[in-house]
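Data first, discussion second: the structure below is written as structure tokens.
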Amino acid sequence: MNKFMKAVGVGVSAIALALLGATNGHAAVSQDGTAYANPDGGDIPAKAHFQAYGEVFTIYDLKADGHSGIGVLSYGSAASTYYYWDHDGAGTSIPKNLDIAEGTPLHIWSCTGDFQGTATDGIDWTSGCNPNTDSGTSVWA
């Protein structure tokens, strides 16, 4: 009977570890998240949201202040940092359907700026997109 109880204990332990591993693996495999631009006059002027299922990155311009909303998405290295602009005005959003491998760790920021022809020209670096000073939000594709 002692051998039987040991076998049952090992079996239960293996099932518990498998379930725990599946739960932990799932949490790290996909995670949505939202990053907010620094408040301007008490209002949040822009936000960026990453939806892990389908890898959709949406940029929102939330404030009628004459500036565009910007979403920044980064993974891997500085060479894999992308800037997405919502030029359509306050109350609009621009979804970007991306193709990012499942389980990829990402970091997102949101800020504002005045587009000047390139991805980074015209960004107000004090509004929330400076990776050296702004924490942003970590997500998983």
Side-chain angles (χ1 to χ4, degrees), residues 2-141:
N2 193 10
K3 287 182 183 179
F4 175 75
M5 293 305 288
K6 284 182 183 177
V8 169
V10 169
V12 169
S13 295
I15 291 170
L17 286 174
L19 290 173
L20 181 62
T23 300
N24 286 342
H26 177 70
V29 171
S30 62
Q31 177 182 334
D32 299 349
T34 303
Y36 297 92
N38 292 334
D40 179 24
D43 296 325
I44 296 173
K47 73 177 181 179
H49 177 77
F50 182 78
Q51 177 183 314
Y53 181 76
E55 299 92 43
V56 178
F57 189 51
T58 306
I59 304 86
Y60 298 84
D61 186 338
L62 302 174
K63 187 175 181 183
D65 57 5
H67 305 297
S68 296
I70 305 165
V72 180
L73 182 139
S74 182
Y75 61 97
S77 67
S80 296
T81 299
Y82 303 92
Y83 299 83
Y84 299 97
W85 291 69
D86 177 353
H87 306 287
D88 292 345
T92 63
S93 63
I94 304 291
K96 299 292 183 180
N97 192 355
L98 306 175
D99 187 13
I100 301 171
E102 186 173 327
T104 301
L106 311 166
H107 208 73
I108 62 174
W109 293 269
S110 180
C111 57
T112 60
D114 299 316
F115 190 71
Q116 296 177 5
T118 70
T120 58
D121 285 345
I123 290 178
D124 176 359
W125 293 103
T126 66
S127 67
C129 284
N130 188 335
N132 297 316
T133 59
D134 299 307
S135 61
T137 302
S138 295
V139 296
W140 295 81

Is there a donor-acceptor pair under 3.5 Å between the side chain of Asp124 and the backbone N or O of Thr126? yes
Mark yes or no for whether Ser127, through its side chain, and Thr112, through its backbone, hold a donor-acceptor pair below 3.5 Å. yes
If the condition is ring-ring contact (aromatic ring centres under 6.0 Å, His included), which residues does His49 pass it with, not counting sequence neighbours? none
Note: Ala37 and Cys111 closest approach over all heavy atoms is CB-CA, 3.7 Å
Tyr82 vs Tyr75, side-chain contact (heavy atoms from CB on, under 4.5 Å): CA-CA, chis, key distance, verdict: CA-CA 9 Å; Tyr82 303 92; Tyr75 61 97; 4.0 Å; yes
Parallel, tilted or perpendicular: ring planes of Trp125 versus Tyr83, cut at 30 and 60 degrees: perpendicular
Shortest non-hydrogen pair, His107 vs Ser138, comes out as ND1-OG, 2.9 Å
Shortest non-hydrogen pair, Thr118 vs Phe115, comes out as O-CE1, 3.3 Å
Side-chain donor-acceptor distances from residues 61-72 under 3.5 Å, at least two apart:
from  : atom 1 : to     : atom 2 : distance (Å)
Asp61 : OD1    : Lys63  : N      : 3.4
Lys63 : NZ     : Asp40  : O      : 2.5
Asp65 : OD1    : His67  : N      : 2.9
His67 : ND1    : Asp114 : OD1    : 2.8
His67 : ND1    : Asp114 : OD2    : 3.3

Determine whether Phe50 and Glu55 make a side-chain contact, defined as any pair of heavy atoms from C-beta on separated by less than 4.5 Å. yes
Indicate the atoms forming the closest heavy-atom contact of Trp85 with Ala119, along with that distance. NE1-O, 2.9 Å
Mind checking the SG-CG spacing from Cys129 to Asn38? Nearest 0.5 Å is all I need. 9.0 Å
Nearest 0.5 Å, what's the OG1-NZ distance between Thr137 and Lys47? 11.5 Å
For residues 87-100, dump all side-chain donor-acceptor pairs below 3.5 Å to protein atoms at least two apart in sequence or in another chain.
from  : atom 1 : to    : atom 2 : distance (Å)
Thr92 : OG1    : Asp86 : OD1    : 3.0
Thr92 : OG1    : Asp86 : OD2    : 2.9
Thr92 : OG1    : Gly89 : O      : 2.5

Within a strict 4.5 Å, meaning less than it, do heavy atoms of the Trp140 and Ser30 side chains meet? no
Which is it for Trp109 and Ser74 under the side-chain contact (heavy atoms from CB on, under 4.5 Å) test, yes or no, and what are the steps along the way? CA-CA 9 Å; Trp109 293 269; Ser74 182; 3.7 Å; yes
